[in-house]
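This report concerns only the one structure given below.
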Amino acid sequence: MQLSEQELVRRQKLDKLRALGINPYPADLFPVNHTSKQIKSDFEEGKQVIIAGRLMAINIQGKASFAQLQDSEGRIQVYFNRDEICEGEDKSLYNDVFKKLLDLGDFVGIEGTLFTTQVGEKTVMVKDFKLLSKALKPLPIPKQKDGVTYDAFTDPELRYRQRYADLVVNPHVKEVFVKRTKLFNAMRQFFNDAGYFEVETPVLQPIPGGAAARPFITHHNSLDIPLYMRIANELYLKRLIVGGFDGVYEFSKNFRNEGMDRTHNPEFTAMEIYVSYKDYNWMMDFCEQLLEHCALAVNGTSEATFGEHKINFKAPYKRITMRDSILEFTGFDIYNKSEDEIRAAAKAMHIEVDETMGKGKLIDEIFGEKCEGNYIQPSFITDYPKEMSPLCKEHRENPELTERFELMVCGKEIANAYSELNDPIDQRERFEHQLKLAQKGDDEATEFIDHDFLRALEYGMPPTSGMGIGMDRLIMFLTNNQSIQEVLFFPQMRPEKKKVDLSDNEKAILEVLKAEKRMDLVALKSQSGLSNKGWDKGIKGLGKHGLTKVEKTDDGLFVELV
RNA sequence: GACCAGUUAGCUCAGUUGGCAGAGCAUCUCCCUUUUAAGGAGAGGGUCCUGGGUUCGAGCCCCAGACUGGUCACCA
């Protein structure tokens, strides 16, 4: 491994610390009794405190120094005065250990008393300190003055690959994840207060159901069967409603083997909830109450900014049927129209359609193209075509529609809910229809029939309404992040290129040289068969690695293995 | 998958017609006992993403590739 100069220096410091009898990675508990935040909020001149954290700034001024200590809640200034730390004649703790052997990023524990400096900064006067853990790599620490950040650590690739470093140096990043957890807690609280029951269902499923998506596939060795990572947990939660729970919910890590972009990660988190004896109208009320509650818990206000938009999660939300929405934005009424009429209308709107698209798909295309993007404020779109919704109950007034709504915010779907289909015969027919669509080549159709789920429905499922919420999308809206990677601690990335020890050029030269140990340079160059540039890079690289040596004699230049 | 942009010191970034590789911060040495982007003096630090080509000479021009970001396509 190639170490930078700074990394080498820190490793040398490690050795010097050990030589002084200081363990750079001590095992024993450090009795922290304050955080940086507590010191500032309950400041009291002369109070004794014990704190710990990372050194994030060191400012040495001779016999006294200032430093910034960062803990989980922020930073506090600490003041190292030589004669406070070293009361006797031996000043080495200050002069050697503090000044020479500590670095930015090191964890230290500090015992001290509070005071205020001449410029008014609340500060800890260090009486004693202890190295708790040495940092061997320098952190990309930005500087700040007058609210302006300099040299900020901003490269998205480095930030995502090294989230640990991102979190240390970018406090606003940590804030996003604090809000993410607040959102989960708020939602959980809301459901629990309503009397619903949090459950866990299988991630490894023999049949990937509940959505149409390409699954990740794995294999169970003992059973010798394929298993799929779940793409949704819907069918399992409904089985629990069959089993007699009134309301069940689960925060579900789902896995979909599809493309990655600004709004898609191969694993993402959905929340699904099912409540018996309710319908989708009830669920709309419940949903808007829930989101208002969550927005308040996360941001302290129902208002949120997303890019150029100001959105407000305060209930109630606009409700409009898909038919009325299409009528509003295109002037075309899909009611009682044949598939051909709708296809012709879509073509007239310059929407790309083809003959394999059924009525439902065509309507969905029109809505997606002409309507969806117009809904900035939270809006419920209701009554979707039957073909698009194989798990949803037929509409009580129109057999071509389903009792389904989606909640749109800024033109994006964040919730999807049904009056759940509980007619086992209808459900079987819908599955079979999906199977036919899939065999026809519709890659959005589900190609598996879950017979065990149908068996469960045959025992009887009460009328039920269910809803799914994309948690990652929701937290993006609540924290004004345009990219899903900003709201996942560890977004999926391509593997880092592993650094090869020797380049191909260097290997080619070594291969030739190995037989001879020492060769004429010109002969070696021609035998290696490399281009001028390739030779040049290769031989320079080998020299740098200390593997070969070039020697000049009266007979010419010779290359030697070291 | 298509197109556009980027990749240079630990970090953020310059880099002229193609002619010795640069700055600030960080690091190292020295001075400095209430500073705060502390300050002052000095020094070191580079696989210019990888590979090939053009050229006397490439960070820069050409070709191929890698990774990242963005836009579009795809995605219940």
Side-chain angles (χ1 to χ4, degrees), chain A residues 2-10 12-13 57-68 75 77 79-84 94 100 103-105 115-121 123 125 137-161 165 169 210-214 231-232 234 256-264 266 270 352 360-361 364 368 384 387-392 404 406 413 416 418 443-446 468 470 482-483 485 493-497 499-500 502-506 530-534 537-538 540-541 544-545:
Chain A
Q2 285 279 25
L3 293 178
S4 71
E5 181 200 14
Q6 291 189 50
E7 290 171 308
L8 288 169
V9 166
R10 291 192 180 204
Q12 286 161 13
K13 291 180 180 180
I58 300 174
N59 172 8
I60 296 176
Q61 306 183 63
K63 295 179 186 64
S65 306
F66 291 93
Q68 294 279 333
R75 292 189 187 182
Q77 177 165 272
Y79 176 66
F80 288 84
N81 181 301
R82 188 192 67 181
D83 298 329
E84 292 285 339
Y94 179 79
K100 308 238 184 219
D103 286 297
L104 294 178
F115 76 108
T116 308
T117 63
Q118 288 175 1
V119 294
E121 179 97 12
T123 304
M125 169 87 72
K137 273 180 93 68
L139 284 163
I141 301 177
K143 292 262 180 156
Q144 281 206 327
K145 174 162 179 149
D146 303 330
V148 183
T149 305
Y150 300 83
D151 299 336
F153 182 55
T154 53
D155 182 336
E157 174 169 9
L158 290 176
R159 286 184 46 235
Y160 301 152
R161 287 196 195 280
V169 302
R214 212 166 350 140
I231 56 176
E234 172 156 357
R256 297 188 181 178
N257 204 341
E258 289 166 354
M260 291 161 57
D261 63 23
R262 209 167 80 260
T263 54
H264 295 84
E352 269 190 54
K361 179 79 176 160
D364 191 58
Y384 282 62
E387 200 172 313
M388 305 300 297
S389 317
L391 298 164
C392 183
R404 171 178 180 181
E406 288 195 358
E413 170 205 340
N416 180 21
Y418 308 146
D443 48 11
E444 284 183 27
T446 315
Q482 310 287 325
S483 163
Q485 297 168 107
M493 304 284 277
R494 281 177 203 274
E496 280 182 86
K497 233 186 323 185
K499 299 243 161 119
V500 283
L502 291 180
S503 72
D504 290 344
N505 291 333
E506 292 163 2
L530 293 171
S531 68
N532 281 341
K533 186 176 276 185
K537 290 211 172 190
K540 275 181 183 164
K544 199 162 190 171
H545 289 132

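Every chain is numbered from 1 and lettered A, B, ... according to where its sequence line falls, protein lines coming before strand lines. All values derive from a computational prediction rather than experimental measurement. Computed over heavy atoms, backbone and side chain alike; hydrogens, waters and symmetry mates excluded.
A/L3 places its CG atom 17 Å from the C1' atom of B/G44, with the value rounded to the nearest Å. Distance, A/E7 CD to B/G44 C1': 16 Å, rounded to whole Å. A/Q12 places its CD atom 14 Å from the C1' atom of B/U29, with the value rounded to the nearest Å. With rounding to whole Å, A/I60 atom CD1 is found 11 Å from B/C32 atom C1'. What separates CD of A/E5 from C1' of B/A9 is a distance of 10 Å, to the nearest Å.
For the P atoms, the distance from B/C56 to B/U16 is 22 Å, rounded to whole Å. The gap from the P atom of B/G65 to that of B/C25 amounts to 42 Å, rounded to the nearest Å. Nucleotides B/A26 and B/C62 place their C1' atoms 38 Å apart, quoted to the nearest Å. Between the P atoms of B/U27 and B/A73, the separation comes to 48 Å (whole Å). Taking atom P in both B/C4 and B/G59, one finds a spacing of 25 Å when rounded to whole Å. Between B/A23 and B/A41, the two P atoms lie 15 Å apart (nearest whole Å).
The two atoms that bring A/I231 and A/R214 nearest to each other are CG2-O, 4.3 Å, heavy atoms only. Between A/G360 and A/E387, the shortest heavy-atom distance links the atoms N-OE1, 3.6 Å.
In this structure, A/R161 reaches the B/U68 phosphate: one of its side-chain N or O atoms is under 4.0 Å from OP1 or OP2. Phosphate contact (OP1/OP2 of B/A26, side-chain N/O of A/K143, threshold under 4.0 Å): present. Within the 4.0 Å cut-off from OP1 or OP2 of B/C30, at least one side-chain nitrogen or oxygen of A/K100 is found. Note on A/R82: every side-chain N or O is 4.0 Å or more away from OP1 and OP2 of B/U33. Between A/K63 and the phosphate of B/C31, there is no side-chain N or O to OP1/OP2 separation shorter than 4.0 Å.
A donor-acceptor pair under 3.5 Å is absent between the side-chain atoms of A/Y79 and the main chain of A/F115, judged by distance alone.
For a distance-only test at 3.5 Å, the side chain of A/N59 fails to qualify as a donor-acceptor partner of the base of B/U36. In terms of polar N and O atoms assigned as donor or acceptor, the side chain of A/Q61 never comes within less than 3.5 Å of the base of B/U33 in a complementary pairing. With hydrogens and angles ignored, no donor-acceptor pair closer than 3.5 Å exists between the side chain of A/D155 and the base of B/G69. With hydrogens and angles ignored, a donor-acceptor pair closer than 3.5 Å exists between the side chain of A/Q6 and the base of B/A26.
With contacts defined as side-chain heavy-atom distances shorter than 4.5 Å, the pair A/N416/A/Y418 qualifies. A/Q144 is not listed as a side-chain neighbour of A/Y150, based on a closest heavy-atom distance of 4.5 Å or more. Here the side chains of A/Q482 and A/T263 are not in contact, with every heavy-atom distance at 4.5 Å or above. A 4.5 Å side-chain heavy-atom check between A/P142 and A/V169 finds at least one atom pair inside the cut-off. Counting heavy atoms from C-beta outward, A/K100 and A/K13 have side chains that stay 4.5 Å or more apart.
Using a 4.0 Å heavy-atom distance criterion, A/P266 is classed as making no nucleic acid contact. When heavy atoms are screened at a 4.0 angstrom cut-off, A/F115 is found touching base atoms of the nucleic acid. The residue A/A57 sits apart from the nucleic acid: no heavy atom pair falls under 4.0 Å. Nucleic acid contact for A/N416: none, since no nucleic acid atom lies under 4.0 Å from a heavy atom of the residue. Within 4.0 Å (heavy atoms only), A/Q144 reaches sugar-phosphate atoms of the nucleic acid but no base atom. Residue contacts shown for A/Q77 include a base, since a base heavy atom lies under 4.0 Å away.
Figure legend: A/R404 and A/Y384 shown as a cation-pi pair, the cationic atom lying under 6.0 angstrom from the six-membered ring centre and within 45 degrees of its axis.
For B/G1, the paired base is B/C72 (Watson-Crick or G-U wobble, both distances below 3.5 Å). B/A23 and B/U12 make up a base pair, with Watson-Crick or G-U wobble contacts both under 3.5 Å. In this structure B/U29 sits in a base pair with B/A41, meeting the Watson-Crick or G-U test at under 3.5 Å. Base pairing analysis places B/U35 opposite nothing; no Watson-Crick or G-U wobble pair with both distances below 3.5 Å involves it. When both pairing distances are held under 3.5 Å, B/C60 makes no Watson-Crick or G-U pair with any nucleotide shown. Figure legend. B/C67 is base-paired to B/G6; pairs are counted as Watson-Crick or G-U wobble with both atom distances under 3.5 Å.
Comparing A/E157 and A/E258 along RNA chain B, the residue whose closest nucleotide (by nearest heavy atom) sits nearer the 5' end is A/E157. Place A/R256 and A/E121 on RNA chain B by their nearest nucleotides, and A/E121 ends up nearer the 5' end.
Residues passing the salt bridge (charged side-chain N to carboxylate O under 4.0 Å, His left out) test with A/D261, sequence neighbours excluded: none.
Checking B/C28, B/C11, B/C75 against the side-chain heavy atoms of A/H264 singles out B/C75 as nearest.
Aromatic stacking of A/Y150 on B/A37: satisfied, with centres closer than 5.5 Å and planes within an angle under 30 degrees.
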Using atom names, set out every protein N or O paired with an N or O of nucleotides 70-72 of chain B below 3.5 Å, distance rounded to 0.1 Å.
residue, atom, partner, partner atom, Å
B/U71, OP2, A/R262, NH1, 2.8

